[in-house]
Amino acid sequence: MAFNGDVLSINPVCETQRICGFIKAQVFSKYKRKGVVLGLSGGVDSALAACLCVRALGPERIRGLVLPEKESSPESAELAAEQAEALGICADVVDITPLLQAFDVYERRTAVVRELCESYDPETDGMRITLPPDVLNRDGLNVFSLKVSTTRGEFSYRLKPDQLHAIVSAQNMKQRTRMIQLYSLAERLNCVVCGTTNRTEMEQGFFVKHGDGGVDIEPLAHLYKTQVFQLAEHLGVIEKIRSRAPAPDTWPGGVTDEEFYFRMPLKTLDLLLYAWKAELSADDAGRELDLTAEQVTRAFRDFQSKEKSTWHLRSLPPSLETERPSRSAGAKPGGSRSS
Amino acid sequence: MTAARDIIKLFVLKTFPTDSPGAGIDYETSFVDAGIMDSMRVLELVEFLEGQFGITIKDSELVPGNLDSIRNICRYLESKGVTGADS
């Protein structure tokens, strides 16, 4: 297919049919389970996944789980519940704040932030880590910095390696705690856990291993984020969810996916990611997108760096080959995650 | 006296280890292209360079042109007044 700005347009009717067939086959024939459990975050990915699961299996076989914590936007849980109601599915709400407190998530992270910003008050101030913005127009390595938002303004700090590790490990407990909740319910109901990671996130490693990446099926992993929006509109995901800027919703004070990780606008990101995967030259890709070859080269370099550094998120744990081939046709150790 | 390039190479080999030490990492090797540089390791490199050579690296200087290879680092150190770094 020729590369142009419409290359990621999908036929929503065909795509819906294809994904519903996949879900049905996986849940009933492969896993031999009764239905699906999925986390509803109030974002477009989980809302779309829920729509597709309902179409594939019927609302009575879908159970949603809304898993807010004290730092997620209150609007997220409201929209998640609204979407569940619109789909006619049962959605339980479990506040995971006490669990995160028991894991010392907030305290551990606050201690690190205070090493850099002594006056940081987690009750009133926001904090997040971000990569340098505007990768298309600036040469910059992927260096996370800490941003603290206070009533006196916003302050930026260079993190030491140990501080970044400590913050990330604390933050990732949020997604992993949600994963535990989802599996607990799914096993109780004899259901599979449905993932909501899209292709943009999958290819660039924007999910947490054994967190939101810890699931049984990934029905959106072949769709770029812009394609998720196309399908979401077709299937009637509520407008308030579709109009929200994609965000992890795990940082106090908020941060968008673009600011946190991707470093460029969503539509440009998806088209460039497609061009990079298709091994188009920077000149050819740039010509179609009205970007210079230099801008495209910066983006490609960023994609390469992220893909290489996150390979392990997409793979089963590497292991030595068994001496004799196994009779069962399970996943090959060290093989790629299917999408 | 140990040359800056040797100090940096020793750091890279120790901090970004591979299963075949030294293999493939030479003066010109791009750390990003070689797949040995990620967001965590950049911070380790920055902390090392600031401590070892007594320099301060500004955010605007965290670019591949300064930090993506031993050659780039040596040139960058020279520009920061570390004498003999790029010789």
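Residue numbering restarts at 1 for every chain, and letters A, B, ... go by the order of the sequence lines. Quick caveat, the model's predicted, so the values are computed rather than measured.
Applying the ring-ring contact (aromatic ring centres under 6.0 Å, His included) definition to pairs two or more places apart or across chains, those involving residues 36-75 of chain B are B:Phe11-B:Phe48.
Here the closest heavy-atom approach between residue B:Pro64 and residue A:Gly140 is recorded as CD-N, 4.0 Å.
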Go through chain B and chain A and list any donor-acceptor pairs closer than 3.5 Å, backbone and side chains both.
| unit_1 | atom_1 | unit_2 | atom_2 | d |
| --- | --- | --- | --- | --- |
| B:Asp33 | O | A:Lys308 | NZ | 2.4 |
| B:Ile57 | O | A:Arg158 | NH1 | 3.3 |
| B:Ile57 | O | A:Arg158 | NH2 | 2.6 |
| B:Asp59 | OD1 | A:Arg158 | NE | 3.1 |
| B:Asp59 | OD1 | A:Arg158 | NH2 | 2.8 |
| B:Leu62 | O | A:Leu141 | N | 3.0 |
| B:Asp68 | OD2 | A:Arg301 | NH2 | 2.5 |

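For a residue to count as touching a neighbouring chain, one of its non-hydrogen atoms must lie under 4.5 Å from one of that chain's; by this rule B:Val42 touches chain A with the side chain only.
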